[in-house]
Amino acid sequence: MSFFKSNGIGIAGIACAVPKNNVTVDSFTPVFGEEVTSKFTAGTGIKAMYKALPEQTASDLGVAAAENLLSKLDIDKNEIGAMLMVTQSPDYRRPSSASIVQKRLGLPISCSCMEINLGCSGFIYGIQTAMSLMNSSDMKYALLVMGETASKLVDPKDKSIVMMYGDAGAAVLLERQADAKTTTLLRSDGDRFKAIVLPAGGFRDMTPTHERFMCSDGIERSLYDIFMDGTSVFSFSITDVPQALKDYLEKTETTAEDYDAFVFHQANQFIIKQLIRKMKLPKDSVPISLDRFGNTGGISIPLTLCDAYGDKNEGKKNALMCGFGIGLSWGVTNAVIDFDKVFPIIETDDYYKEGKITPEML
Amino acid sequence: MTEQEKIALIEETLDLDEGTLTADTVLDDVDEYDSMAKLSLIVMMDDEFGVKLTGDVIKGFKTVGDILAVMN
């Protein structure tokens, strides 16, 4: 079983950024009709989301969040020993966006940088990987940067998901904290890799057809669009995910009463309601952000923390966090977080203009 | 649980009046059997029968009788 224990490493601060462009579900009514949009909101809980500019990438959003975090915490960048970028929306096919983020943040050559290609479970996997790197080194800080612009991968006519994905970036700084204790559970099931898939753009098929075809859910797509088998993903979310939470509580010998907040991946309000019901959680301890931000993939957990606690000074709280989705991949972790160091979400239209590479630059 | 009780449970899950469905009812003919109803069906089957419905199993449901067949 993939259970990890980490002592002496804690979260120094969390910051998030979203694009300025706010899109409401109501604005899709002229395209899909009132019945579709109102049913969508009733079913998912999503009313609006933020969508990136065409030029704005996941790394731009991650960098904006990281710059805000590092300036608020006022730390010496030369003491960051590792930077992990978590994204499935890279700037280029190669190198990974970790290199671009390192350059833009001005992180030193002594900082090890790499990328993790995960979606909705990415925050949990990212935190654990950063903690593992710190555990086996003497670095003072590790920085986790996340960014996602899944809204760019959706067919605008796909009523099942065009109103679902929001874009966002996040940054989390980890530091040495003498009394910090974290337990993490990570799980993965590649057998269900087709449950959420975007076939084109990889190396399995270098020349995929642009032809549009009717999918099994009655919606027309091409191989360049995200496909999600909604019923299978839902079934996974209300069976495998609560099972992982139960296994986590058993392994850590804790109960729901031991945690002040339960922060779940913001996939769909119906799923979150089912998790609250199945785990018998106090509803007030489960913050929701998807109504205003949509599904922002792995960023949804730090985004929900910043949304719920960013402007409050509530001191230290023990948060249980659970991410689940594409892969399929899921995980659970906990952290005692100083909510005074969880900052309000910022909005930005900034993007890296020098990042657009033209022939004369090569 | 009798077959009639199981049908009543499906009706309740799909938010239908009692007596609307029979084992022979074709699901494509039931307007209320939409994507959200399928999610409610997944929850009900998990809660009441401990049955984990996958997307493929749900796609295979043509009549109410097909749902009844996995309610055990």
Side-chain angles (χ1 to χ4, degrees), chain A residues 32-33 35-46 158-164 189 191-197 214-219 227-246 267-280 328, chain B residues 1 3 5-72:
Chain A
F32 299 123
E35 194 188 342
V36 168
T37 51
S38 58
K39 252 188 165 181
F40 177 83
T41 296
T44 62
I46 297 169
D158 183 347
K159 66 179 180 183
S160 72
I161 45 179
V162 73
M163 299 175 281
M164 181 187 292
D189 183 7
D191 197 42
R192 289 180 271 180
F193 81 93
K194 286 183 195 159
I196 309 171
V197 65
M214 191 61 77
C215 292
S216 54
D217 59 2
I219 292 172
F227 169 78
M228 176 158 66
D229 177 355
T231 41
S232 289
V233 174
F234 179 78
S235 178
F236 154 73
S237 305
I238 66 150
T239 54
D240 296 270
V241 175
Q243 187 59 54
L245 285 162
K246 283 173 188 163
N268 170 323
Q269 202 163 41
F270 192 49
I271 290 173
I272 295 174
K273 276 184 187 165
Q274 295 304 325
L275 292 176
I276 291 172
R277 192 178 60 85
K278 285 199 144 197
M279 300 304 297
K280 298 182 177 65
L328 296 175
Chain B
M1 196 180 278
E3 181 172 298
E5 285 169 338
K6 288 177 183 173
I7 289 176
L9 199 52
I10 298 171
E11 287 167 341
E12 189 189 330
T13 305
L14 304 188
D15 217 8
L16 293 168
D17 291 336
E18 207 176 324
T20 311
L21 303 175
T22 69
D24 298 328
T25 306
V26 176
L27 292 164
D28 275 351
D29 296 339
V30 180
D31 286 347
E32 288 80 1
Y33 189 65
D34 58 12
S35 57
M36 279 308 291
K38 288 172 190 168
L39 304 191
S40 300
L41 194 63
I42 292 171
V43 174
M44 185 274 282
M45 293 296 276
D46 181 43
D47 283 355
E48 301 290 331
F49 301 94
V51 172
K52 187 172 159 182
L53 286 184
T54 63
D56 286 342
V57 170
I58 289 182
K59 276 177 209 134
F61 290 157
K62 302 294 176 213
T63 65
V64 170
D66 296 333
I67 302 175
L68 292 171
V70 294
M71 292 169 88
N72 47 39

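Protein chains get the first letters and strands the later ones, always in sequence-line order, with residue 1 at the start of each. As the structure is a prediction and not an experimental result, all values here were calculated from the model.
- Contacts of residues 58-70 of chain B with chain A at a heavy-atom distance below 4.5 Å involve B/Ile58, B/Lys59, listed in sequence order.
- Here CG of A/Asp229 is found 7.0 Å from CG of B/Asp56. Values are rounded to the nearest 0.5 Å.
- The heavy-atom pair separating A/Ser232 from B/Gly55 by the smallest distance is OG-N, 3.0 Å.
- To the nearest 0.5 angstrom, A/Asn268 atom CG is 6.5 Å from B/Met36 atom CE.
- Counting non-hydrogen atoms of neighbouring residues, nucleotides and ligands closer than 6.0 angstrom, the CD atom of B/Glu5 exceeds 12 such neighbours.
- Counting non-hydrogen atoms of other residues, nucleotides and ligands closer than 6.0 Å to NZ of A/Lys194 gives a total of 12 or fewer.
- Separation of atoms NZ (B/Lys38) and OG1 (A/Thr231) is listed at 7.0 Å; rounding is to 0.5 Å.
- Other residues, nucleotides and ligands place more than 12 heavy atoms under 6.0 Å from the NZ atom of B/Lys6.
- At most 12 heavy atoms of other shown residues, nucleotides or ligands fall within 6.0 angstrom of atom CG in B/Asp28.
- Side-chain atoms of A/Gln274 and B/Ile42, non-hydrogen and from C-beta on, never get closer than 4.5 Å to each other.
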Problem set entry | Worked check of side-chain contact (heavy atoms from CB on, under 4.5 Å) between A/Arg277 and B/Asp47 | CA-CA 11 Å; A/Arg277 192 178 60 85; B/Asp47 283 355; 2.7 Å; yes

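- Heavy atoms of A/Phe270 lying under 4.5 Å from chain B belong exclusively to its side chain.
- The number of heavy-atom neighbours closer than 6.0 Å to NZ of A/Lys278, taken from other residues, nucleotides and ligands shown, is above 12.
- The two residues B/Leu39 and A/Phe234 make their nearest non-hydrogen contact at O-CE2, 3.2 Å.
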